[in-house]
There are 2 protein chains.
Amino acid sequence: MSKKAATRSRERDPAATRQRLIDAAVRLMLKQGFAGTSVDQICAEAGLTKGSFFHHFESKEALAEAAVAWWGRMGSSLYAAAWENTSAGPLERLHQMLDIMSGFTRREGEDCVCMVGMMSQELAATHPAMQAACGRELQHWTDQVARLLTEAREQLQPVTDFDPEEVAWFLNSLWQGSMLVGKASGSQALIRANLQLARDFVDGLFANPPVLPVVHQPS
Amino acid sequence: MSKKAATRSRERDPAATRQRLIDAAVRLMLKQGFAGTSVDQICAEAGLTKGSFFHHFESKEALAEAAVAWWGRMGSSLYAAAWENTSAGPLERLHQMLDIMSGFTRREGEDCVCMVGMMSQELAATHPAMQAACGRELQHWTDQVARLLTEAREQLQPVTDFDPEEVAWFLNSLWQGSMLVGKASGSQALIRANLQLARDFVDGLFANPPVLPVVHQPS
DNA sequence: TGTTACATACCAACCGGTTTGTATGTCCAA
DNA sequence: TTGGACATACAAACCGGTTGGTATGTAACA
């Protein structure tokens with residue numbers, strides 16, 4: 001039978017279609033938020049119709065949750081170059097991670113924003129499932145950073161002792177807040193400046209590598 | 001022709017009515033966001049009708065802008081105890097400010113959230129007027145903190161030189177991010193831990209008051 | 001002081017458009 | 001021929017905002 005590959009219109013590829021919906025949702029919701037983005041808009045952006053939408057997702061919120069999960073996987077794969085870099089020490093890997101984050105601010109025509117922070121801010125108080133989904137993603141990021149900090153604390157000389165998980169949450173919060181403030185200020189440079197201070201903060205936890213010039217107090 | 005003035009005697013107090021609308025908007029939008037809150041809901045919460053709403057505000061966005069401005073004034077008045085405390089040194093005033101912020105996490109039954117961060121996250125990318133309004137509030141907070149840091153830098157001995165405005169933005173971002181992450185994690189204690197680290201960070205800028213125990217590196 | 005004139009404050013009903021979600025149909029591959 | 005993948009059409013509720021009206025405060029003037 002002739003395959004008749006020239007099948008008019010649309011390829012049938014449910015996984016890809018589902019991903020098209022997720023991509024569209026991410027693109028639109030990062031800009032307009034959850035409530036500010038309609039299902040019709042998402043369908044138009046994905047080049048699909050509403051029937052298809054509700055075939056793949058049982059609700060708009062379900063799609064947003066899938067989008068947050070996808071965002072988390074995507075992020076982890078981007079951070080992996082730093083997180084799983086076995087040929088570098090823990091502090092160096094933290095530096096690499098901060099460089100990756102800084103790189104997010106330098107993409108032409110693309111804002112440095114986060115789907116998790118966006119959905120969390122808007123929906124955490126009213127949509128428990130979404131709060132849980134965002135909490136999971138933030139926890140995962142924090143776990144990875146805490147792991148590196150723990151390693152660093154074992155291998156290097158901490159100036160004062162610290163709780164790796166606490167510091168990791170500190171960095172996560174700074175990162176989320178930087179993107180938020182950068183948005184209101186319209187300045188990605190502000191985000192980079194914060195990341196530089198974060199690097200100084202992390203380095204300052206350890207006496208070892210970048211020895212700070214100690215200023216003797218005269219008085 | 002008795003007019004029958006059995007008028008339901010609603011108080012006629014335009015300023016108070018306007019404020020009732022602002023209060024209602026703040027209460028609802030802090031929880032549900034801007035797009036997730038309808039004008040009808042706001043009117044119901046304020047005990048008014050839509051006609052009255054649009055007499056005082058020309059649009060829902062105009063009310064949200066007024067609410068952000070009110071939130072800023074409210075915040076400034078709460079921080080004033082620290083910011084304008086002439087009987088304390090700059091570093092002590094920064095400590096007092098952090099204590100005030102920490103106090104926001106301890107209010108019974110009330111989440112530690114920020115109208116400016118909320119509106120900024122949701123609307124900055126699509127509503128230029130709102131982005132500007134939020135940017136102004138964040139800038140004002142930063143200015144006050146930078147002022148204290150500048151004073152502290154003059155009076156105390158900075159370990160290494162720093163840019164007060166940069167550090168102020170760092171603290172502002174951390175604060176906003178802490179509220180965001182605290183929301184997703186459902187933990188106000190997380191916010192307090194971040195504020196403690198922020199205090200350590202600020203103290204660490206100066207060699208003077210809380211001398212850090214220096215660990216000599218053996219290797 | 002009493003009356004008239006007008007602006008402000010507020011209300012109830014309504015409007016066109018948009019919302020999420022459904023019901024149903026069609027096409028195609030297995 | 002059966003079932004998944006998608007499209008079309010539709011509905012009930014809800015949206016932000018408008019309209020036309022009434023009640024009330026204020027001020028000029030008789």
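Naming: A, B, ... by sequence-line order, numbering from 1 per chain.
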| B/D111 and B/K183: CA distance, side-chain angles, deciding distance, side chain to side chain contact (heavy atoms under 4.5 Å, CB included) verdict | CA-CA 8 Å; B/D111 286 342; B/K183 196 189 288 195; 5.9 Å; no
| Among residues 53-63 of chain B, which residues get a heavy atom nearer than 4.0 Å to DNA chain C? | B/H55, B/H56
| Residue pairs, two or more places apart or on separate chains, that pass side-chain hydrogen bond (donor to acceptor under 3.5 Å, both in side chains) and touch residues 23-43 of chain B | B/Q19-B/D23, B/R27-B/E45, B/Q32-B/T37, B/D40-B/K50
| query | Is the number of heavy atoms from other residues, nucleotides or ligands within 6.0 Å of CD (B/E58) greater than 12? | reply | no
| Taking five pairs at each end, how big is the angle between the two axes of the helix from C/dT1-D/dA30 to C/dA30-D/dT1, to 10°? | 0°
| said: Treating A/E122 as the side-chain partner and B/E122 as the backbone partner, does any N or O pair qualify as donor plus acceptor under 3.5 Å? | reply: no
| task | Go through B/C134 and B/W71 one step at a time and tell me if the side chain to side chain contact (heavy atoms under 4.5 Å, CB included) criterion holds. | result | CA-CA 10 Å; B/C134 292; B/W71 183 268; over 6 Å; no
| task | Please test B/H56 against B/L48 for side chain to side chain contact (heavy atoms under 4.5 Å, CB included), starting from the C-alpha separation and ending with a verdict. | result | CA-CA 11 Å; B/H56 289 282; B/L48 292 167; 5.8 Å; no
| remark: d(B/L149 CG, B/E166 CD) to nearest 0.5 Å is 11.5 Å
| said: With rounding to the nearest 0.5 angstrom, report the CD to OG1 distance, B/Q139 to B/T142. | reply: 6.0 Å
| Measuring from B/S178:OG to B/L197:CG, what's the distance to the nearest 0.5 Å? | 9.5 Å
| message | Please confirm whether the shortest side-chain N or O distance from A/T17 to OP1 or OP2 of D/dA5 is below 4.0 Å. | response | no
| About how many Å separate CZ of A/F34 and NE2 of A/H127, when rounded to the nearest 0.5 Å? | 5.0 Å
| request: May I ask you to list the residues of residues 22-36 of chain A, by number, that have any heavy atom positioned under 4.0 Å from an atom of DNA chain D? | output: none
| Donor-acceptor contact present, side-chain B/S52 to main-chain B/T49, <3.5 Å | no
Are there any protein N/O atoms within less than 3.5 Å of an N/O atom in nucleotides 8-14 of chain D, and if so, which ones and at what distance?
none

| B/Y79 vs B/W83 aromatic rings, parallel, tilted or perpendicular, using cut-offs 30° and 60°? | parallel
| said: Looking only at the aromatic ring of each residue, does the gap between the centers of A/F201 and A/F170 stay below 6.0 angstrom? | reply: yes
| message | Would you compute the distance between atom CG of B/L138 and atom SG of B/C114 and round it to the nearest 0.5 angstrom? | response | 7.0 Å
| query | Out of curiosity, B/I22 CD1 to B/T17 OG1, how far, rounded to the nearest 0.5 Å? | reply | 11.0 Å
| message | Below 4.0 angstrom, which residues in residues 122-131 of chain B have at least one non-hydrogen atom near DNA chain C? | response | none
